[in-house]
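Values reported hereafter were calculated over all heavy atoms of this structure, with side chains retained and with hydrogens, waters and symmetry mates removed.
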Amino acid sequence: MAQVVFRDVWKIFPGDVEAVREANFTIEDGEFMVVVGPSGCGKSTTLRMVAGLEDVTRGEISIDGQVVNDVAPKDRDIAMVFQNYALYPHMTVYDNMAFGLKMRKYAKPEIDTRVREAAEILGLTEYLSRKPKALSGGQRQRVAVGRAIVRKPKVFLFDEPLSNLDAKLRVQMRAEISRLHQQLGATMLYVTHDQVEAMTMGTRITLMKDGDIQQIDGPLTLYREPKNRFVAEFIGSPAMNIFDGTLGSDSGGTVFDTGVFSVGLGALPGADALPARVAIGVRPENLAFADGETAAGVLDVSVELVEPLGSEIYLHGRVGDRRLVARIGPDHPVRVGDQVRLAMDLAHLHFFDGESGVALRPTPSQVS
């Protein structure tokens, strides 16, 4: 396996379209790095530059210590799994998996050993004589992964490989690819627009927006300590509730005012160091029904939609003209049209600069 290093990498398409700007990061040997972001953020371009399918405009990409900017894709010792499987319909599963090795003139015994080892790992042994049309979508995707495994490359590249699968198969394949990573100890770069895939699969996550890297961290750090408002809103399902407003004070402590509603935040350490104009964020799971003793952080919510999910309920409502989503337990008898009081967990509030969107301190753990 190998380390992949980006050093000040840019990709500029004709017309001065900056698809990737100043990318600097390292995928460690054996790491599962997920690049995630909305459509058009530059994530697939980033992967394609590693594969050699896109030229690097400026900067360097190295694999296993070798700069590969001018190395042909076939000589980079990488294997890529595509969104559309890219299987040969007239070939059997065995021949699809063996094709790349045959092209590289491997001996037949070596090819047979590698194909059967990969088939065993992926549960494909009984399907080796079938053609792709006789397989399910999940089985076809496993064949595509198997074709990569037999190569024993330095780096595996996955370009949104689960997008064509239904929800149940996506969950199954997420688990299988994660298990495969643990079994092989391989260096993997995985691109997706699905933040759930990113959170459940990645050792670390690179979150991109408009060609820029917003944050690189482990899944829990990305979730708990977003560096800016975009990261906070992108990571998490349902998304974080964020309200724009200003900070002031009264006899009860800090007060946050949106211009439509205001809410007391109690004693807020470090409030004097925060700018007057801020945004505050609270995740849906950090909202709960207020009891009679709760004074700070209470919102009066008009319920507009109730989504029962079995183990929990998503409650959609408004505070004034601001939308809000809360994740609550399944036993609360809430109906559309109800007026409820929800209390924010002040220990888990997030603060963002009202102009730049950069995360501010105090951190959630400092709020009391």
Side-chain angles (χ1 to χ4, degrees), residues 36-38 195 199 205-210 212-290 294-301 315-328 341-368:
V36 66
Q195 58 103 1
M199 292 290 287
I205 299 170
T206 297
L207 179 53
M208 297 185 70
K209 177 191 178 188
D210 298 333
D212 295 313
I213 294 174
Q214 301 294 306
Q215 186 169 346
I216 303 176
D217 263 313
L220 289 181
T221 301
L222 208 66
Y223 184 80
R224 294 171 177 168
E225 301 174 23
K227 290 187 176 180
N228 58 47
R229 180 168 176 165
F230 173 78
V231 176
E233 291 181 302
F234 191 88
I235 298 295
S237 180
M240 181 185 289
N241 301 292
I242 298 184
F243 306 104
D244 294 289
T246 56
L247 290 178
S249 62
D250 62 13
S251 59
T254 302
V255 176
F256 177 73
D257 185 5
T258 68
V260 176
F261 68 89
S262 61
V263 57
L265 301 180
L268 180 63
D272 292 344
L274 296 174
R277 185 153 196 83
V278 298
I280 63 170
V282 59
R283 293 203 179 275
E285 60 268 30
N286 296 137
L287 288 160
F289 286 100
T294 304
V298 176
L299 304 171
D300 294 310
V301 180
L315 186 155
H316 299 254
R318 286 182 181 269
V319 187
D321 64 347
R322 311 299 170 88
R323 294 185 180 276
L324 170 146
V325 181
R327 177 187 281 167
I328 60 176
R341 300 177 77 238
L342 296 179
M344 299 185 290
D345 183 345
L346 300 183
H348 291 89
L349 282 185
H350 295 259
F351 295 82
F352 305 95
D353 186 278
E355 299 297 329
S356 68
V358 172
L360 301 169
R361 298 298 180 258
T363 63
S365 60
Q366 293 175 317
V367 180
S368 63

How far apart are the closest heavy atoms of [X] and [Y], and which atoms are they?
X: Gly266; Y: Ala296; answer: N-CB, 4.0 Å
X: Ala359; Y: Pro226; answer: CB-O, 3.3 Å
X: Phe352; Y: Ala232; answer: CZ-CB, 3.5 Å
X: Val255; Y: Ser262; answer: CG1-CB, 4.1 Å
X: Ser237; Y: Arg327; answer: O-NH2, 2.6 Å

Check whether any side-chain heavy atom of [X] sits under 4.5 Å from a side-chain heavy atom of [Y], and report yes or no.
X: Asn286; Y: Met344; result: no
X: Phe234; Y: Pro38; result: yes
X: Thr206; Y: Val36; result: no
X: Val282; Y: Ile242; result: no
X: Ile205; Y: Met199; result: yes
X: Ile235; Y: Leu207; result: yes
X: Leu265; Y: Leu247; result: yes

Query raised in the report: Step by step, would you call Ser249 with Thr254 a side-chain contact (heavy atoms from CB on, under 4.5 Å)?
Result: CA-CA 4 Å; Ser249 62; Thr254 302; 5.5 Å; no
Report task. Indicate yes or no for a side-chain donor-acceptor contact from Asn241 to the backbone of Val325 under 3.5 Å, with no hydrogens or angles considered. Result -> yes
Requested in this report: Decide side-chain contact (heavy atoms from CB on, under 4.5 Å) for Leu342 and Leu324; before the verdict, give the C-alpha distance in whole Å, the side-chain angles of both, and the deciding distance to 0.1 Å.
Outcome: CA-CA 10 Å; Leu342 296 179; Leu324 170 146; 3.9 Å; yes
Query raised in the report: Do the ring centers of Phe243 and Phe261 come within less than 6.0 Å of each other?
Result: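 Ring-ring flag for Phe243/Phe261: true, centres closer than 6.0 Å.
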Requested in this report: Applying salt bridge (charged side-chain N to carboxylate O under 4.0 Å, His left out), run through Arg224 and Asp217 and close with a yes or a no.
Outcome: CA-CA 11 Å; Arg224 294 171 177 168; Asp217 263 313; over 6 Å; no
Report the distance from atom [atom1] of [X] to atom [atom2] of [Y], rounding to the nearest 0.5 Å.
X: His350; Y: Arg283; atom1: NE2; atom2: CZ; result: 5.5 Å
X: Ile213; Y: Lys227; atom1: CD1; atom2: NZ; result: 11.0 Å
X: Ile280; Y: Leu360; atom1: CD1; atom2: CG; result: 12.0 Å

Requested in this report: Begin from the C-alpha positions of Glu355 and Arg277 and carry the test side-chain contact (heavy atoms from CB on, under 4.5 Å) through to its verdict.
Outcome: CA-CA 8 Å; Glu355 299 297 329; Arg277 185 153 196 83; 4.0 Å; yes
Query - Identified side-chain contact (heavy atoms from CB on, under 4.5 Å) partner of Val231 from the options Lys209, Gln214, Met240 - result: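 The option that passes is Gln214.
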Report task. List the steps and the verdict of side-chain contact (heavy atoms from CB on, under 4.5 Å) for Phe256 and Val278. Result -> CA-CA 9 Å; Phe256 177 73; Val278 298; 3.9 Å; yes
**Report entry** Derivation of the side chain to side chain donor-acceptor pair (under 3.5 Å) call for Gln215 and Asn228
**Finding:** CA-CA 9 Å; Gln215 186 169 346; Asn228 58 47; over 6 Å; no
